[in-house]
Student: 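One structure, pasted below without further comment.
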Amino acid sequence: MNYLNIYSTVINNFLKKNKNAYNLLKLGIFIGKNYVKFFPDKRLPKSLRYLHQIAFSWTYKGMTSKRCVWVNLFAPAEILLAFNLDPIFVEAISAFLSGLELEDELILRAESFGISESFCSFHKAFIGAVLSDLLKKPKFLVATSSICDANLNTFRFISENLKIPFFFLDVPREYSEEAKDYLKLQLKELISFVEKETGAKLDLHKLSRIIQIENQVRGQMKKCLELLGKKQIPTTLTFEMFMLYTSHTFIGKEETLRFYKMLVEDLRNAKARDKKGVFFIHTLPMFEENFKNLFNFNKDLTIIGMDLNYDFLEELPTDDPIEALSIKLLKNPYNSDFEKRIEHIKKLISLTSPDAVIQVCQMGCKQSIGCSMLFKEEFKKLDIPFTFIDVDCVNKKNNNHGQIKTRLEAFFESIK
Amino acid sequence: MIAYVCKYTPVEIIKAFGEDVFCIEPEISSYENAEKLLHPNMCSFAKAIVEYVLQSGIKNLVLTNCCDSIKRVYDVLKDKMEFIEIIDLPRENTPEACQFFYCQLETFKSKLSKRLNREFDEEVFRSQVNKLIAQNKHSSFDISIMGARAKKELIEFVCSSAGGRVLNLTCSGERFCQDDVKFDGSLESYAKVLLSFPPCMRMNIKRKFIEENFFKGIIYNTIKFCDFYSFEYARIKEKSNVLKIETDFSQNANEQVRTRVEAFVEKTLQKATTSKSISNKKYFAGIDSGSTSTNAVVIDSSKNILGYCTVKTGFDVVSSAKLALSKACSMAGINEDDISFITSTGYGRISIPFSNMQVTEITCHAKGAHALFPSARTIIDIGGQDSKVIKIDEDSNVLDFVMNDKCSAGTGRFIEYMARVLELELEDFSRCSNFSEDLTISSMCTVFAESEVISLIAQGKRREDIVRAINKVVAIKAISLINRVKGEKDFVMTGGVAKNKGVVLELERKLDSRLLIPFDPQIVGALGAALVGLESG
């Protein structure tokens, strides 16, 4: 048994006995944060080692700081960053908890409370952690209706249970002038809400500066996409998932810009792609053994990217940050119908030329799994090998390893 | 003819164009076509819509972006319709949301006008909206059905069981305004009218009818893979007047759902169905017609058990019931004619023509377990097809109960199935005790659990250890039910699975409490039925 297993067993025992394990969890992330800083994985390029550090550091802050705010992945965290708050998206917390092998107990807790078995396990593990007092109460909650139904459900539930203020943004599904007006009014209300909760005034210049950084980050992302088609760097599923931090909640941070610049540099200096490149749709099962064996530092396969890390690539106006944020939310291709989503994915595919595409059907994610058959048809037209696989990225219990192994191996055999 | 799905659909605009409009009530028996277009793990309602639309040749469809599943229904049907629209429905009822919704209605109206090439009749529109506003506002109801969209057939069943007025407040239930709204004939005010409907869970609007709780009973419907409503259920499940059911659109309400609804109505409205007159004789019989076995118990008026018997439920439910009753009578040393009152319970209760009263097994288990163990507060009944946990008070009144959903995981059938895979008799299954390795079967699903068992056999694991792992799965499933009713000591275990010492042991370990097991765990329901008969006299 290694140290991580012992640590996980101790927290699980605390949970089973209804003891508060927050301090233990905090200690673990603190150790992890310093471990990746002082003992980085030497197999990784510099950029990903840096990503490891900043992701750990933001998670630590988001889970321990007095100024932490829980958000969903698509929430306009720029506003929170402008107030020097420490946002953290719920999926990141769940992924961490699953990495610590705590999800089983937490999901059981949520299901015993009445949450349905088919609900997204990212959200369910998080709810279980809240019900188990495993997390420090945040200052408040911010979530959008974008893309996924689970957001409103989870955040409303947490707000009611923990009695925490919650601001919900109703994001229309299509971009239009009236949709923009509706959303801009809500964003202004969100700012007033944060001002009330923090007692501070928003510095609009700071918010503009954040949008400026975002634009620069997207510039670097586009360079990455061009390079990813030709080059390969040693990576793992986990690092592609860590990029959700830099492509969403923390996209306006200076550290993010530094990371992407480093990544572009690493890709430029990397060797030409000679492995089969796989592009992922929706998410990545970073804890599933078969996927880990196939993709982490593999000699034959490489991860090209995941569409969610490149979901919005337009340049935003910096003179009117509220306008910019409403454009970003409304023009996200995942918020609308399949047609927009597939058009966007086609652009990513044409930039990165993958050898195969895999859609990960996360348990309970109707918005994504509902597109599986349509993806199949589209990729057939494009003549790109495609498969969708039912995998639970958090709840390992839901995964039938034997079946996943067969499906993955058969898929790669078919494209040899 | 235009079809729609969501109650927020601007039906009155469609009617004002002189077009017929109807709400889809999908009646389908399989998802043959739908699963070619949608992943199987989509909610059964969404799949049923796709199946129904394709089967019945609907060509004009109006949807709203009410949930992720319906958004995908739009995507997969888009190229198969002559006219299909998805209206952007806000989640709020603020002035800004109304203004935004008004713009969406305006757009819809102009698209429809283009499609139909007809004039919009202001008069018809006005009268239709006024008719809508006038509906349902001041009525009171005994029972409300809430939660996810329910099949028409289920709503009708609830109505007939309750015998009173039932209000359908499920997603896309009845269309009426919950607040006073003024309508001035404009589309702006129509937007306000629509947004004042009792909100479904996708709306970020307070569901006042839940908070006010003025119904005697709430039947809370959930659909697998529609997750909105489990959140509200989790919040209100403590209320004594709530029953949760899970339904599917490819099936009619099965016996289990019917039983639970009837038991709930009995509990809520305190009524039972008496069908025959009572004589003055002094023996009472209870017959529990279950999926696997039929049990009969005969008692006297002092509640003494005189005879009991368990027989296998054959194809002919009535013959099995007759056989069980005759054997119980012969054990009691009386003639069947001496029985003054027969109460039937279990799945087959309504099929037994010679019973005087039918009562659900929930009520009967509560009575029976309490008679045997007055300290019992939680009954864990694991039978052939069902597992249920019933929480009772000191007078045997049912405080709460839950049942497993359609899945057989954690029931006697699950153990039977696994015993077959392990080539063991059920009796052997109970005898295994010599454990050496703590194995785990992670899947709750019978089919997946079977493959896990096969893998364990292939790995050369010991049979006894696999048996223990199976017993643990059953215990875990029961624990999750016990947690849902917040089960308290003393625990009584009934049903055939109570004879499996392995499961009992695992449950005791997890509950950290001793389980009380009746001398014959299978007859508790029948005993309860006999007692209910005695008390009703």
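For clarity, every value in this text was computed on a predicted model and none was experimentally measured. FYI, side chains are in, hydrogens and waters are out, and symmetry mates aren't considered; it's all heavy atoms of this structure. Below, chain A is the first sequence line, B the second, and so on; all start at residue 1.
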Student: Under a 4.5 Å cutoff for heavy-atom pairs, which residue among N153(A), L152(A), I115(A) has the most contacts with chain B?
Tutor: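 That would be N153(A).
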Student: Can you tell me how far apart CE (M201(B)) and CG (D149(A)) are? Round to the nearest 0.5 Å.
Tutor: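 So the gap between those two atoms works out to 11.0 Å.
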Student: Which of the residues G114(A), C365(A), P172(A), S118(A) is involved in the greatest number of heavy-atom pairs with chain B at under 4.5 angstrom?
Tutor: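 Between G114(A), C365(A), P172(A), S118(A), the count favours S118(A).
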Student: Can you measure from CD (E339(A)) to CG (D79(B)) and round to the nearest 0.5 angstrom?
Tutor: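 One gets 8.0 Å once the value is rounded to the nearest 0.5 Å.
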Student: Could you tell me which of I479(B), L481(B), D227(B) has the largest number of non-hydrogen atom pairs under 4.5 Å with chain A?
Tutor: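 The answer is D227(B).
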Student: What part of R173(A) gets closer than 4.5 Å to chain B, counting heavy atoms only: side chain, backbone, both or neither?
Tutor: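 Contact with chain B is through both the backbone and side chain of R173(A).
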Student: Would you mind telling me which of Q104(B), E96(B), K36(B) has the largest number of heavy-atom pairs within less than 4.5 Å of chain A?
Tutor: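 Among Q104(B), E96(B), K36(B), the one with the most close pairs to chain A is E96(B).
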Student: Is the shortest distance from a Lys or Arg side-chain nitrogen in K206(B) or E160(A) to a carboxylate oxygen in the other one below 4.0 Å?
Tutor: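 Salt bridge absent between K206(B) and E160(A).
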Student: Look up atom OG1 in T94(B) and atom CD in E189(A), then write down how far apart they are to the nearest 0.5 Å.
Tutor: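 Taking OG1 in T94(B) and CD in E189(A), the distance rounds to 7.0 Å.
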Student: Taking every non-hydrogen pair under 4.5 Å, which of S145(A), A150(A), G370(A), A110(A) racks up the most with chain B?
Tutor: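 Top option by heavy-atom pairs under 4.5 Å: G370(A).
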Student: Quick check for you: among K486(B), K71(B), E232(B), R235(B), which has the greatest number of heavy-atom pairs under 4.5 Å with chain A?
Tutor: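 The candidate making the most pairs under 4.5 Å is R235(B).
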Student: State the CZ-CG distance between F166(A) and N204(B), to the nearest 0.5 angstrom.
Tutor: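 It comes to 6.0 Å.
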Student: Please classify the contact of E178(A) with chain B as side chain, backbone, both or neither, using a heavy-atom distance under 4.5 Å.
Tutor: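 Both backbone and side chain.
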Student: Check D68(B) with K366(A), please: is the shortest side-chain N to carboxylate O separation under 4.0 Å?
Tutor: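 No, no charged N to carboxylate O under 4.0 Å.
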Student: Taking the side chain as every heavy atom from C-beta outward, state whether K78(B) and D337(A) have any atom pair closer than 4.5 Å.
Tutor: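 Yes. Closest side-chain heavy atoms under 4.5 Å.
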Student: Considering residues at least two apart in sequence or located in another chain, which fulfil the side chain to side chain contact (heavy atoms under 4.5 Å, CB included) criterion with C361(A)?
Tutor: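 Q359(A), I369(A), S372(A), F388(A), D390(A), H39(B).
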Student: Do M373(A) and E35(B) have side chains that get closer than 4.5 Å, going by heavy atoms?
Tutor: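 Result no, sub-4.5 Å side-chain heavy-atom pair not found.
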Student: Can you tell me which portion of F168(A) sits under 4.5 Å from chain B's heavy atoms? Options are side chain, backbone, both or neither.
Tutor: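 Looking at F168(A), backbone and side chain both touch chain B.
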Student: Using heavy-atom distances under 4.5 Å, tell me whether A179(A) contacts chain B through its side chain, its backbone, both, or neither.
Tutor: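 Both backbone and side chain of A179(A) come within 4.5 Å of chain B.
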Student: Name the region of S336(A), side chain, backbone, both or neither, that has any atom closer than 4.5 Å to a heavy atom of chain B.
Tutor: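 The backbone, not the side chain.
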Student: Does any backbone or side-chain atom of L185(A) lie under 4.5 Å from a heavy atom of chain B? Answer side chain, backbone, both or neither.
Tutor: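 Side chain only.
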Student: Holding to side chain to side chain contact (heavy atoms under 4.5 Å, CB included), I want the full list of residues that pass it with V53(B), two or more places apart in sequence or in another chain.
Tutor: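 Scan of V53(B) (side chain to side chain contact (heavy atoms under 4.5 Å, CB included), adjacent residues dropped) gives I24(B), I49(B), I58(B), L61(B), L77(B), M81(B).
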Student: Side chain, backbone, both or neither: which part of I127(A) has an atom under 4.5 Å from a heavy atom of chain B?
Tutor: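 Side chain only.
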Student: Taking NZ, NE, NH1 and NH2 as the nitrogens, is one of them in R341(A) or D75(B) under 4.0 Å from a carboxylate oxygen of the other?
Tutor: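 Answer for the salt bridge query: no.
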Student: Pick one: which of F113(A), F157(A), F155(A) meets ring pair (Phe, Tyr, Trp, His ring centres under 6.0 Å) with F231(B)?
Tutor: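 In the set F113(A), F157(A), F155(A), the residue that makes a ring pair (Phe, Tyr, Trp, His ring centres under 6.0 Å) with F231(B) is F157(A).
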